[in-house]
Amino acid sequence: MPQDAYLTLAREGSHETEINRSRFLCTLAPVADEDEAQAFLARVRAAHADASHNCWAYVLGADASVQKASDDGEPGGTAGVPMLQMLTRRELRYVAAVVTRYYGGVKLGAGGLIRAYGGVVGETLDRLGTVTRRRYRLATVTIDHQRAGKIENDLRSTGRSVREVRYGERVSIDLGIPGTELDAFRAWLADATAGTAELTLGGEAYGEV
């Protein structure tokens with residue numbers, strides 16, 4: 001059963017903290033799939049090729065079905081896993097994290113490393129913020145030119161996600177409708193257009209609330 005909604009990162013960004021002279025720079029990005037995640041990791045690694053470590057983690061799938069992490073040379077379980085745990089504890093999906101460490105000469109120990117790697121991911125999440133994306137049914141409303149303007153305005157003013165408006169013999173308005181609201185939307189549309197509009201349903205997608 002597909003999830004109706006999931007939480008993801010609002011935007012790409014980074015945040016740095018210093019712990020016992022080591023610099024920990026966390027970079028986070030929303031990613032759509034493994035290819036995007038890997039491209040993001042490669043980009044950050046290339047930008048910080050001189051760092052002691054570029055540890056990473058990512059979570060994909062609305063149900064978090066893909067979870068991967070790497071310690072990149074830090075003692076096993078002290079970097080990638082606490083980063084991944086922070087992402088999953090905050091219930092984030094479709095997000096990748098890289099923590100770049102510039103070693104400052106003081107050993108932190110396993111507990112210190114776990115706190116540092118997990119902690120900087122949490123701090124960065126707090127700074128960048130999150131958004132909820134909900135599952136929508138894609139739909140097209142086809143209507144005559146005379147009524148199209150008012151219907152489009154009504155859709156936008158009630159917060160509907162109007163994706164595209166196409167003008168031909170009739171006007172086609174593409175939008176996303178939360179699945180639970182389909183019946184109510186049909187009734188509203190029939191009423192608002194005196195039954196002259198045609199509603200065609202498409203596939204499903206996720207969009208911001």
Side-chain angles (χ1 to χ4, degrees), residues 2-135 161 205-209:
Q3 305 252 140
D4 278 333
Y6 65 85
L7 205 59
T8 192
L9 193 65
R11 59 189 172 88
E12 183 174 327
S14 56
H15 163 66
E16 185 176 317
T17 189
E18 190 173 308
I19 301 166
N20 286 355
R21 300 213 298 270
S22 273
R23 284 170 54 208
F24 291 87
L25 171 67
C26 176
T27 308
L28 298 178
V31 288
D33 52 34
E34 291 222 45
D35 288 344
E36 255 185 50
Q38 293 291 346
F40 165 70
L41 302 180
R43 176 158 57 83
V44 177
R45 274 200 298 261
H48 300 283
D50 58 336
S52 315
H53 307 277
N54 282 297
C55 306
W56 55 265
Y58 58 79
V59 182
L60 299 170
D63 55 355
S65 54
V66 177
Q67 300 183 21
K68 295 190 177 175
S70 162
D71 296 314
D72 191 36
E74 291 282 29
T78 63
V81 168
M83 290 167 62
L84 185 63
Q85 283 172 339
M86 182 59 73
L87 295 176
T88 55
R89 193 156 70 232
R90 296 284 192 93
E91 299 188 341
L92 281 150
R93 309 289 183 257
Y94 293 103
V95 63
V98 180
V99 175
T100 302
R101 182 187 184 191
Y102 287 92
Y103 182 56
V106 179
K107 286 194 187 305
L108 298 184
L113 288 173
I114 288 167
R115 281 191 298 277
Y117 278 101
V120 72
V121 171
E123 287 170 20
T124 311
L125 285 171
D126 290 341
R127 279 169 168 73
L128 296 176
T130 56
V131 291
T132 302
R133 295 175 76 83
R134 264 185 218 295
R135 195 150 52 96
S161 65
Y206 282 92
E208 278 180 35
V209 178

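Because the structure is a prediction, the values reported are computed rather than measured. Along the sequence shown, residues carry numbers from 1.
Contact of the Tyr58 side chain with the Leu87 side chain is not registered, since no non-hydrogen atoms from C-beta on lie closer than 4.5 Å. Looking at heavy atoms from C-beta onward, Asp126 lies in side-chain contact with Arg90 at the 4.5 angstrom threshold. Arg45 has its side chain out of reach of Val98: every pair of non-hydrogen atoms, C-beta onward, lies at least 4.5 Å apart. At least one side-chain heavy atom of Ser70 sits less than 4.5 Å from a side-chain heavy atom of Trp56. Put simply, the side chain of Glu12 reaches to within 4.5 Å of the side chain of Phe40, judged on heavy atoms. Looking at Tyr117 and Met86, their side chains never come closer than 4.5 Å, going by heavy atoms from C-beta outward. For the pair Leu108 and Arg101, the minimum side-chain heavy-atom distance is below 4.5 Å.
Counting only distance, with no hydrogens or angles, the side chain of Thr8 and the backbone of Arg93 share a donor-acceptor pair below 3.5 Å. For His15 (side chain) and Cys26 (main-chain N/O), no donor-acceptor pair under 3.5 Å exists by modelled atom type. Put simply, the side chain of Ser22 gets close to the backbone of Gly104: a donor and an acceptor are under 3.5 Å apart. Listed for the Asp4 side chain is no donor-acceptor partner under 3.5 Å among the backbone atoms of Arg135.
Thr130 OG1 to Tyr6 OH: the interatomic distance, rounded to the nearest 0.5 Å, is 12.5 Å. In this structure, Leu25 CG and Asn54 CG are separated by 9.0 Å, a value rounded to the nearest 0.5 Å. Atom CZ of residue Arg115 and atom CD1 of residue Ile19 lie 9.0 Å apart, to the nearest 0.5 angstrom. To the nearest 0.5 Å, atom CD of residue Glu123 and atom CD of residue Glu16 are 11.5 Å apart. From Ile114, atom CD1 reaches atom OG1 of Thr78 across 6.5 Å, with rounding to the nearest 0.5 Å.
Stacking of Arg23 on the aromatic ring of Tyr102 is recorded, both the 6.0 Å distance cut-off and the 45° axial limit being met.
Here the closest heavy-atom approach between residue Cys55 and residue Glu74 is recorded as SG-CG, 3.9 Å. Nearest heavy-atom pair across Asp71 and Gly76 is OD2-CA, 3.4 Å. In this structure, Ala62 and Tyr206 approach most closely via the heavy-atom pair CB-OH, 3.6 Å. In terms of heavy-atom proximity, Asp33 sits nearest to Leu60 at C-CD1, 3.7 Å. Here the closest heavy-atom approach between residue Ala10 and residue Leu128 is recorded as CB-O, 3.6 Å. Shortest non-hydrogen contact noted between Ser14 and Thr27 is CB-OG1, 3.6 Å.
Around the CD atom of Glu34, the shell of radius 6.0 Å holds more than 12 heavy atoms that belong to other residues, nucleotides or ligands.
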Chi angles and distances behind the side-chain contact (heavy atoms from CB on, under 4.5 Å) call for Val59, Leu92:
CA-CA 7 Å; Val59 182; Leu92 281 150; over 6 Å; no
